[in-house]
Amino acid sequence: MWAGVVAAALSDFRMTSILTHTAKNLPSTCKWALRFSLRPLSCSSQLQAAPGITKSKKTLAKPNVKNIVVVDGVRTPFLLAGTSYKDLMPHDLARAALSGLLHRTDVPKEVVDYIIFGTVIQEVKTSNVAREAALGAGFSDKTPAHTVTMACISANQAMTTGVGLIASGQCDVIVAGGVELMSDVPIRHSRKMRKMMLDLNKAKSLGQRLSLISKFRLNFLSPELPAVAEFSTSETMGHSADRLAAAFAVSRLEQDEYALRSHSLAKKAQDEGLLSDIVPFKVPGKDTVTKDNGIRPSSLEQMAKLKPAFIKPYGTVTAANSSFLTDGASAMLIMSEDKALAMGYKPKAYLRDFMYVSQDPKDQLLLGPTYATPKVLEKAGLTMNDIDAFEFHEAFSGQILANFKAMDSDWFAQNYMGRKTKVGTPPLEKFNTWGGSLSLGHPFGATGCRLVITAANRLRKEGGQYGLVAACAAGGQGHAMIVEAYPK
């Protein structure tokens with residue numbers, strides 16, 4: 001991605017973010033743009049988490065509602081696509097995450113009632129990757145498993161599907177996770193070539209076969225490559241991010257500063273051993289991988305040299321301020337609280353209220369957190385001030401900062417969300433303080449579990465009580481969830 005960038009020492013890192021761009025030259029499709037205040041969104045803040053302060057707050061436990069807990073969660077190291085995992089298959093990574101979870105928790109395989117995994121770009125040979133990975137990890141063939149897909153919130157859907165199974169009394173113990181292997185994605189023949197091959201397979205005589213072959217043309221051989229693009233709009237997510245950043249007057253400098261913040265915080269967390277959800281993975285025929293390899297703090301000067309990646313030459317989204325194609329898998333052990341305690345576990349966190357949203361996939365593709373956050377807070381009876389740890393998925397710097405501006409706008413709330421007032425902006429000293437998808441990586445199907453277990457680990461480390469996880473996803477969808485720290 002931007003491998004030639006030289007890492008800068010953290011002590012040299014100083015961000016002095018100011019929002020200098022005006023709203024001129026905004027896309028006509030983004031009619032709300034001129035309404036926004038150009039108040040600076042400072043990223044000049046903390047490379048360290050705020051001191052842990054244990055607060056006395058009410059619990060979100062509800063009468064006659066089963067408490068559901070996260071016992072623990074793990075992930076393989078997240079790696080840049082095309083590196084150490086490039087010769088594997090998705091189920092290899094998913095199996096490694098499951099094996100790592102079994103080793104970390106010592107949960108007996110036979111106790112697990114159901115396994116759910118999320119994925120986005122499916123390997124045809126293992127379309128139900130949850131089942132194949134479970135069998136490979138040694139789970140009983142009597143343990144059901146299924147795979148879900150919901151773009152970048154696929155693992156979120158896996159988790160909440162598990163929550164539903166436990167809440168309804170169908171299960172007590174669920175393993176939820178996700179996987180993505182961007183190093184090897186399915187590439188299809190053209191539709192004409194596929195049709196000819198299928199017809200040839202059905203042909204019953206030599207004459208029929210020769211007749212079909214006579215219709216072959218060289219352009220039939222053109223492959224169909226998968227793209228991170230919207231089917232409904234034919235627009236890549238990068239283009240959407242560029243337009244969104246322009247609509248909310250988020251500058252290139254500000255995006256680079258935010259990306260640098262993410263990489264610097266991730267490097268600090270990595271060096272301090274805070275990324276404890278990682279389990280080592282011995283890649284067959286290669287060395288054991290022990291850490292993420294996409295964390296690369298640079299300098300604003302180096303980042304400024306990169307050309308726009310999507311809208312050229314005037315776009316502001318570059319390889320440096322975008323999440324990169326990533327290989328990785330995650331898994332977490334979810335139980336009813338009663339079951340966890342009966343088995344002698346000390347859970348990490350409660351999984352509380354959650355919310356899914358969807359909106360216009362053209363102009364509001366990446367605004368899922370803005371729509372989901374106030375809804376899940378109201379459902380839980382909380383405010384932004386109650387949240388101690390925010391963990392948002394970072395698809396692009398521009399996406400995060402545009403969400404910040406939308407969340408901080410009464411006008412946007414009133415005209416697009418049907419709300420009287422804004423929800424407010426998450427304070428940066430509580431926001432993604434151990435890095436995010438821009439730096440840690442983003443295996444599409446696995447990120448949701450990483451967000452939740454990071455929120456749980458941060459709450460334990462910092463003495464907080466409530467975490468808020470949120471993410472956008474392709475199709476204009478989004479998710480938010482409240483995580484409550486388990487009492488010590």
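The analysis underlying the following values was restricted to heavy atoms, covering all of them including side chains, and did not include hydrogens, waters or symmetry mates. Computed from a predicted model, the values in this text were never measured in an experiment.
- Legend: residues meeting salt bridge (Lys or Arg N to Asp or Glu O under 4.0 Å) with K348, ordered by chain and number and at least two apart, are D72.
- Screening residues 265-294 for ring-ring contact (aromatic ring centres under 6.0 Å, His included) gives Y85-F281 as the qualifying pairs, with residues at least two apart or on separate chains.
- Under the salt bridge (Lys or Arg N to Asp or Glu O under 4.0 Å) criterion, D113 pairs with no residue at all, not counting sequence neighbours.
- Under the 4.0 Å criterion applied to side-chain N and carboxylate O atoms, K405 and D408 are not assigned as salt-bridge partners.
- For the ring pair (Phe, Tyr, Trp, His ring centres under 6.0 Å) test, no residue two or more places apart in sequence or in another chain qualifies with Y345.
- Using a 4.5 Å heavy-atom cutoff, the side chains of V70 and L351 are in contact.
- Between D363 and R243 there is a salt bridge, since a side-chain N of the basic residue sits under 4.0 Å from a carboxylate O of the acidic one.
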N/O donor-acceptor pairs under 3.5 Å from side chains in residues 446-455, not counting sequence neighbours:
residue: T447; atom: OG1; partner: H442; partner atom: ND1; Å: 2.6
residue: T447; atom: OG1; partner: P443; partner atom: O; Å: 3.4
residue: R450; atom: NH2; partner: S437; partner atom: OG; Å: 3.3
residue: T454; atom: OG1; partner: R450; partner atom: O; Å: 2.7

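- T161 pairs by the side-chain hydrogen bond (donor to acceptor under 3.5 Å, both in side chains) definition with Q157, not counting sequence neighbours.
- In this structure H146 satisfies the ring pair (Phe, Tyr, Trp, His ring centres under 6.0 Å) test together with Y114, sequence neighbours excluded.
- Note that K379 lies in the cation-pi zone of F354, set by a 6.0 Å cut-off to the ring centre and a 45° limit from the axis.
- You'll find the side chain of D353 stays beyond 4.5 Å of the side chain of M481, heavy atoms only.
- Considering only residues two or more places apart in sequence or on other chains, F431 meets the ring pair (Phe, Tyr, Trp, His ring centres under 6.0 Å) condition with F392, F404.
- Remark: T147 pairs with N128 by the side-chain hydrogen bond (donor to acceptor under 3.5 Å, both in side chains) rule, at least two apart or across chains.
- M159 places a side-chain heavy atom less than 4.5 Å from the side chain of M332.
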Side-chain donor-acceptor contacts of residues 130-138 below 3.5 Å, not counting sequence neighbours, with atom names and distances?
residue: R131; atom: NH1; partner: D141; partner atom: O; Å: 3.3
residue: R131; atom: NH1; partner: T143; partner atom: O; Å: 3.1
residue: R131; atom: NH2; partner: D141; partner atom: O; Å: 3.0

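- Side chains of L382 and I387 form a contact here, defined as non-hydrogen atoms less than 4.5 Å apart.
- A side-chain hydrogen bond (donor to acceptor under 3.5 Å, both in side chains) check over residues 278-287, counting only residues at least two apart or in different chains, returns nothing.
- Every residue was checked against the side-chain hydrogen bond (donor to acceptor under 3.5 Å, both in side chains) condition with D360, not counting sequence neighbours, and none meets it.
- N321 places a side-chain heavy atom less than 4.5 Å from the side chain of R252.
- Salt bridge status for R261 with E257: absent, with no side-chain N to carboxylate O gap under 4.0 Å.
- The shortest heavy-atom contact between V179 and P90 is CG2-O, 3.3 Å.
- Summarising the geometry of F396 relative to S322, their closest heavy-atom pair is CD2-OG, 3.3 Å, with the distance given to 0.1 Å.
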